[in-house]
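A quick write-up on the structure given underneath.
We count ligands from 1, going down the list as the structure has it; atoms in each ligand are counted the same way. Values in this document were obtained by computation on a predicted structure and should not be read as measured data.
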Amino acid sequence: MERGYHVAIVGATGAVGLELLSILEERKSPVAQLSLLASKRSSGRRLVFAGKEYPVQELTEHSFQGVDFALFSVSSSISKAFGPIAARAGAMVIDDSSAFRMDPHVPLVVTEVNPHALQRHQGIIAHPNCSTVPLVMVLNPLHQRAGVKRVVVATYQSVSGAGARAMEELDQQTRALIAGEPAAVSVFPHQIACNCLPHIDAFGELGYTGEEWKMVRETHKILEDDSIRMSTTTVRVPVFRCHSEAVNIETDQKISAQEVRQLLATAPGVAVIDDPEKSQYPMPLTVAGRDAVFVGRIREDPSHDQAINLWLVSDNLRKGAALNMVQIMELLSVEKDQ
Ligand SMILES: NC(=O)c1ccc[n+]([C@@H]2O[C@H](COP(=O)([O-])OP(=O)(O)OC[C@H]3O[C@@H](n4cnc5c(N)ncnc54)[C@H](OP(=O)(O)O)[C@@H]3O)[C@@H](O)[C@H]2O)c1
């Protein structure tokens with residue numbers, strides 16, 4: 001990266017937007033000009049980047065003049081309305097909503113897994129769902145070595161995956177319960193404090209939720225293999241940050257737990273913590289704020305000759321969202337500089 005860019009963050013005041021700001025600062029991204037965009041409600045609010053205050057401006061169709069990279073982290077309806085406007089104004093759009101993920105003209109990219117897909121972009125690049133990202137980072141090396149045939153996964157997803165208001169709701173409900181008061185419910189369909197909700201996104205086809213189908217369809221698109229059979233259950237848990245997943249992976253060729261451990265220990269962006277005797281395994285509390293996808297509890301499935309069980313934990317606001325978006329920007333900046 002040789003010069004500075006004009007970067008716009010659309011949804012700058014949200015859970016992912018704020019994380020984008022801190023990751024751009026941490027990675028010393030070459031930001032020469034910064035536009036912080038959100039709804040009218042946030043207009044006038046000020047956010048700090050690299051020691052300097054920037055005003056939050058209302059998102060309008062004129063927000064993208066001269067913008068090199070537009071990092072979108074808003075609802076899919078706002079992305080659908082404003083993403084193409086930003087692309088037409090000349091910005092490279094990196095969008096983390098579900099607006100464009102399954103569009104055949106839009107690459108859906110995890111930088112360690114399918115960076116080659118970026119070559120086909122037409123101005124908009126999609127970032128996957130925060131549960132799909134860590135799953136494909138773990139499946140990809142196993143798929144290349146032994147052919148992944150079938151995946152059964154249950155997620156344990158933190159409230160930050162549902163945005164800033166959801167984090168406030170868990171905080172307020174927890175405080176209310178400790179004070180012996182009733183917990184007010186507004187973001188989630190039921191109380192989330194001291195509870196688990198097997199319900200993320202709307203129920204749809206075959207009784208599976210939108211979140212469950214997103215994991216299936218996005219995995220197929222990123223790994224470029226629709227033949228992988230998948231069964232998903234997504235669950236919201238009362239954790240502030242980090243999504244965990246219990247994954248059963250059936251392969252074409254037999255692969256030992258030891259080999260899986262070695263493969264994943266050298267896979268880009270993946271780290272193994274797997275010493276059950278010393279109670280060492282990944283947990284949301286120890287993974288929060290870290291970049292890698294952490295994997296542990298790697299073991300052969302006693303009920304199947306060619307299947308492995310494992311447990312993964314990933315910070316949904318970092319690799320599951322803001323970090324992967326900034327990494328996509330870093331790869332695209334090579335193209336911009338040419
Ligand atoms: N959270 C995650 O882990 C995660 C991971 C991957 C993908 N995503 C996706 O990222 C997107 C944002 O998620 P989030 O968790 O950051 O949500 P969030 O905390 O609720 O933030 C939403 C952002 O959208 C802005 N916004 C709302 N209405 C707007 C409008 N009319 N015009 C312009 N901006 C508007 C909000 O601004 P105000 O503050 O002004 O309302 C806020 O900055 C969603 O599509 C989500 O699916 C999230």
message: I need the nearest protein heavy-atom contact for atom 6 (C) of ligand 1: residue, atom name and distance, please.
response: Gly320 O, 3.4 Å
- prompt: So is there a nitrogen or oxygen of Gly17 less than 3.5 Å from a nitrogen or oxygen in ligand 1?
  reply: no
field: Under the ring pair (Phe, Tyr, Trp, His ring centres under 6.0 Å) test, residues paired with Phe69 that sit two or more places apart
entry: Tyr5
- prompt: Do Arg290 and Asp315 meet the salt-bridge criterion of a basic N to acidic O distance under 4.0 Å?
  reply: no
task: For atom 30 (C) of ligand 1, state which one of Val56, Val16, Leu37, Ile78 supplies the nearest heavy atom.
output: Ile78
- prompt: Does ligand 1 have a heavy atom under 4.0 Å from the side chain of Leu59, from its backbone, from both, or from neither?
  reply: side chain
Taking atom 24 (O) of ligand 1 as the reference point, the nearest protein heavy atom with its distance: Val74 CG1, 3.3 Å
statement: Note: ligand 1 atoms sitting under 4.0 Å from heavy atoms of Gly161 are 1 (N), 2 (C), 3 (O)
Lys/Arg N to Asp/Glu carboxylate O, Glu19 vs Arg241, below 4.0 Å: yes
Residue pair Gln157 / Thr155, side-chain heavy-atom distance below 4.5 Å: yes
task: Nearest heavy atom to atom 13 (O) of ligand 1 wins, so pick from Ala38, Gly163, Ser73, Gly14.
output: Ser73
- prompt: Should Lys214 and Asp201 count as an ion pair when the cut-off is N to O under 4.0 Å?
  reply: yes
message: Please confirm whether Arg41 approaches ligand 1 to less than 4.0 Å, judged on its heavy atoms.
response: yes
- prompt: Do Glu58 and Arg41 sit within salt-bridge range, that is, some charged N less than 4.0 Å from a carboxylate O?
  reply: no
field: Leu37 side chain near Val56 side chain, heavy-atom distance below 4.5 Å
entry: no
query: Numbering the atoms of ligand 1 from 1, which are under 4.0 Å from a heavy atom of Ser97?
result: 45 (O)
- line: Quick note on ligand 1: atoms under 4.0 Å from a heavy atom of Ser42 include exactly 38 (P), 39 (O), 40 (O)
Thr60 side chain vs His62 backbone, donor-acceptor pair below 3.5 Å: yes
message: Quick test: of every protein heavy atom, which one is nearest to atom 36 (C) of ligand 1, and how far off is it to 0.1 Å?
response: Thr13 OG1, 3.8 Å
message: Considering non-hydrogen atoms of the protein only, which is the closest contact for atom 1 (N) of ligand 1, and what is the distance?
response: Ser160 O, 2.9 Å
message: Under 3.5 Å, is there a donor on one side chain and an acceptor on the other for Gln258 and Ser256?
response: no
- prompt: Taking both backbone and side-chain atoms of Ala162, is any N or O found less than 3.5 Å from an N or O belonging to ligand 1?
  reply: no
- prompt: Are any side-chain N or O atoms of Thr266 and backbone N or O atoms of Gln262, one a donor and one an acceptor, separated by less than 3.5 Å?
  reply: yes
task: Could you say whether the N/O atoms of Ser39 and ligand 1 ever approach to under 3.5 Å?
output: yes
- request: Provide the number and element of each atom of ligand 1 under 4.0 Å from a heavy atom of Ala321.
  value: 5 (C), 6 (C)
Proximity winner for atom 10 (O) of ligand 1, if only heavy atoms of Asp96, Leu317, Val133 are counted: Asp96
message: Among all protein heavy atoms in this structure, tell me which lies nearest to atom 3 (O) of ligand 1, with the distance rounded to 0.1 Å.
response: Asn316 ND2, 3.0 Å
- prompt: So does Glu26 pair up with Arg318, basic N to acidic O under 4.0 Å?
  reply: yes
